[in-house]
Amino acid sequence: MRPSEYETLRPEQAIDFQQELRKKICIQHLSTEIRLVGAADVSFNKYSDDIFAVVVILSYPDMKILEKVSIKTATKFPYISGLLAFREVPAVYDAWMQLQLKPDVMILDGQGIAHERRTGIAVHFGLLANVPTIGCAKSRLSGRYEEPGNKQFDESPMLDKNEIIGTALRTKPNCKPVFVSPGHKIDLKQSIELIKTCVRKHRIPEPTRLAHLLVNEFRKGFEKDSSIQHSLF
DNA sequence: GCGACAG
DNA sequence: ATCTTGTCGC
């Protein structure tokens with residue numbers, strides 16, 4: 001099924017689709033050298049079906065932006081906890097297809113296998129685009145965990161049904177941890193290491209943080225001011 | 001039945 | 001996620 005058809009699915013059918021995706025999950029060591037890291041984020045306007053998406057490609061571990069693709073489309077699928085991918089992946093995939101550079105690994109804003117059916121947005125996108133992915137979420141969806149220590153890079157495993165599904169990672173002292181879990185074609189240990197390497201001065205790792213800033217900047221460029229909105233893009 | 005609930 | 005100013009902490 002194509003991403004553009006997701007909006008035709010009812011929640012129950014989306015869950016069935018996830019059960020199929022679950023059979024294809026591939027969590028393994030990534031042996032290729034990582035030189036390019038990508039990140040995606042989406043943004044919305046309240047009460048609107050418009051959805052804005054940005055995918056950025058950064059050099060690794062330098063964290064310099066090498067490419068950016070911004071797109072604006074529409075979404076009918078509502079936000080439902082556990083079914084986030086059906087709302088956001090279509091737009092991210094549109095942007096992905098327009099990239100000149102393809103990253104060695106992509107970071108998605110949300111969970112990887114740290115999901116009730118192990119099919120968070122990072123797993124979903126990784127299988128769709130056939131690219132290694134990591135889920136880096138700002139909050140927990142499923143799984144239990146002990147609060148990690150308060151020193152930088154202290155971590156604590158996320159457990160669900162006797163499985164380690166991710167790690168709560170303290171990227172900055174006195175800041176809430178981020179929740180890291182592998183999505184596709186990479187393992188948890190490598191996922192954590194890559195996220196650590198992408199952290200600079202902020203709680204959120206650079207690729208995701210920049211994608212977030214860029215997509216909001218892109219969205220705001222469409223705000224009411226018909227007189228100049230064309231000259232901006 | 002009640003509480004939890006990525007973005 | 002979005003709506004929003006000042007404000008506390010490093």
Side-chain angles (χ1 to χ4, degrees), chain A residues 3 6-7 11 14-15 17-18 21-22 25 39-55 72-93 95 106-126 133-145 150-152 158-161 165-184 188 191 195 199-205 207-224:
Chain A
Y6 289 173
E7 60 183 31
I15 289 174
F17 188 71
Q18 290 186 324
L21 288 180
R22 180 174 192 166
I25 295 175
D41 196 20
V42 300
S43 184
F44 306 86
N45 275 323
K46 200 173 185 179
Y47 309 129
S48 169
D49 286 338
D50 290 342
I51 176 172
F52 304 82
V54 160
V55 173
K72 169 181 178 294
T73 55
T75 279
K76 281 299 185 185
F77 205 96
Y79 168 73
I80 298 173
S81 182
L83 302 180
L84 176 68
F86 295 88
R87 177 170 169 76
E88 303 192 347
V89 160
V92 172
Y93 191 64
M106 272 286 288
I107 300 173
L108 281 291
D109 198 345
Q111 318 295 337
I113 61 172
H115 177 284
E116 44 269 65
R117 287 173 294 280
R118 306 289 178 269
T119 48
I121 190 170
V123 169
H124 196 124
F125 185 81
T133 56
I134 295 171
C136 181
K138 296 181 291 299
S139 62
R140 181 201 72 93
L141 173 62
S142 58
R144 303 177 65 271
Y145 73 98
N150 195 34
K151 300 190 308 298
Q152 181 173 46
M158 297 169 75
L159 309 170
D160 187 34
K161 299 165 186 170
I165 59 174
T167 296
L169 177 68
R170 185 87 66 188
T171 55
K172 290 291 172 182
N174 304 316
C175 283
K176 290 175 44 177
V178 294
F179 301 81
V180 181
S181 59
H184 188 51
L188 176 58
S191 297
I195 293 298
V199 171
R200 291 294 184 276
K201 296 185 173 185
H202 305 271
R203 174 203 176 211
I204 303 301
T208 299
R209 193 180 72 84
L210 292 173
H212 188 261
L213 290 175
L214 292 170
V215 77
N216 279 316
E217 173 184 292
F218 178 64
R219 177 174 59 82
K220 291 171 185 173
F222 284 85
E223 276 175 2
K224 56 210 170 185

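All chains are named by letter (A, B, ...) in the order of the sequence lines, taking the proteins before the strands, and each is independently numbered beginning at 1.
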Visitor: Evaluate the side-chain hydrogen bond (donor to acceptor under 3.5 Å, both in side chains) criterion for residues A/T171 and A/R203: first the C-alpha distance (whole Å), next the side-chain angles of each, then the deciding distance (0.1 Å), finally the verdict.
Guide: CA-CA 5 Å; A/T171 55; A/R203 174 203 176 211; 5.2 Å; no
Visitor: Do A/N216 and A/F52 have side chains that approach each other closer than 4.5 Å (heavy atoms only, starting at C-beta)?
Guide: no
Visitor: With sequence neighbours excluded, tell me which residues meet ring-ring contact (aromatic ring centres under 6.0 Å, His included) with A/H115.
Guide: none
Visitor: Dot-bracket for DNA chain C, 5' to 3', counting Watson-Crick or G-U wobble pairs under 3.5 Å, with [ ] for crossing pairs and | for inter-strand pairs?
Guide: ..........
Visitor: Side-chain contact test, heavy atoms from C-beta onward, threshold under 4.5 Å: evaluate it for A/M106 versus A/I134 and give yes or no.
Guide: no
Visitor: Which dot-bracket notation, 5' to 3', represents the base pairing of DNA chain B when pairs are defined as Watson-Crick or G-U with both distances under 3.5 Å, crossing pairs as [ ], and inter-strand pairs as |?
Guide: .......
Visitor: Taking only residues two or more places apart in sequence or in another chain, which ones pass ring-ring contact (aromatic ring centres under 6.0 Å, His included) with A/Y6?
Guide: A/F17, A/F86, A/H124
Visitor: Residues two or more places apart in sequence or in another chain: which of them pass salt bridge (charged side-chain N to carboxylate O under 4.0 Å, His left out) with A/K72?
Guide: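 In terms of salt bridge (charged side-chain N to carboxylate O under 4.0 Å, His left out), with neighbours along the sequence ignored, A/K72 is linked to A/D50.
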Visitor: With a non-hydrogen cut-off below 4.0 angstrom, is A/R144 in contact with a base, only sugar-phosphate, or nothing?
Guide: nothing
Visitor: Applying side-chain contact (heavy atoms from CB on, under 4.5 Å), can you list everything that pairs with A/Q152, at least two apart in sequence or on another chain?
Guide: A/K172, A/P173, A/V199
Visitor: Would you please name every residue forming a salt bridge (charged side-chain N to carboxylate O under 4.0 Å, His left out) with A/R140, sequence neighbours left out?
Guide: none
Visitor: Measure the shortest side-chain to side-chain distance between A/L141 and A/S81 over non-hydrogen atoms and say whether it is less than 4.5 angstrom.
Guide: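 Answer yes - side chains close enough.
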Visitor: How many whole angstroms separate atom CZ of A/F86 from atom P of C/dA1?
Guide: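 The answer, rounded to whole Å, is 21 Å.
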Visitor: For each nucleotide in nucleotides 4-10 of chain C, reading 5' to 3', give B when a protein heavy atom comes within less than 4.0 Å of its base, S when such contact involves only the sugar-phosphate, and - otherwise.
Guide: ------S
Visitor: Return the value, rounded to whole Å, for the distance between atom CD1 of A/I51 and atom C1' of C/dA1.
Guide: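 Rounding to the nearest Å, CD1 of A/I51 and C1' of C/dA1 are 10 Å apart.
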Visitor: With sequence neighbours excluded, tell me which residues meet side-chain contact (heavy atoms from CB on, under 4.5 Å) with A/I80.
Guide: A/P11, A/F77, A/P78, A/L83
Visitor: Counting any heavy atom closer than 4.0 Å, what does A/S142 reach on the DNA or RNA strands: base, sugar-phosphate only, or nothing?
Guide: nothing
Visitor: Residues two or more places apart in sequence or in another chain: which of them pass salt bridge (charged side-chain N to carboxylate O under 4.0 Å, His left out) with A/K176?
Guide: none
Visitor: Sequence neighbours left out, what passes ring-ring contact (aromatic ring centres under 6.0 Å, His included) with A/Y145? Give chain and number order.
Guide: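 If we apply the ring-ring contact (aromatic ring centres under 6.0 Å, His included) test to A/Y145, skipping adjacent residues, the hits are A/F179.
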Visitor: How does each nucleotide of nucleotides 2-7 of chain B score, in 5' to 3' order, for protein heavy atoms under 4.0 Å: base (B), sugar-phosphate only (S), or none (-)?
Guide: --SBBB
Visitor: Strictly below 4.0 Å: does A/R219 bring a side-chain N or O up to OP1 or OP2 of C/dT2?
Guide: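 So the side-chain polar atoms of A/R219 do come within 4.0 Å of the phosphate oxygens OP1 or OP2 of C/dT2, strictly under.
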Visitor: If you look at every strand shown and take non-hydrogen atoms under 4.0 Å, does A/H212 touch a base, only sugar-phosphate, or nothing?
Guide: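 The answer is sugar-phosphate, as A/H212 gets under 4.0 Å only of primed atoms, P, OP1 or OP2.
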Visitor: Is any side-chain N or O of A/N216 closer than 4.0 Å to OP1 or OP2 of C/dT2?
Guide: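 So the side-chain polar atoms of A/N216 do come within 4.0 Å of the phosphate oxygens OP1 or OP2 of C/dT2, strictly under.
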Visitor: Does a side-chain heavy-atom distance below 4.5 Å link A/I121 with A/E88?
Guide: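 SC-SC contact between A/I121 and A/E88 confirmed.
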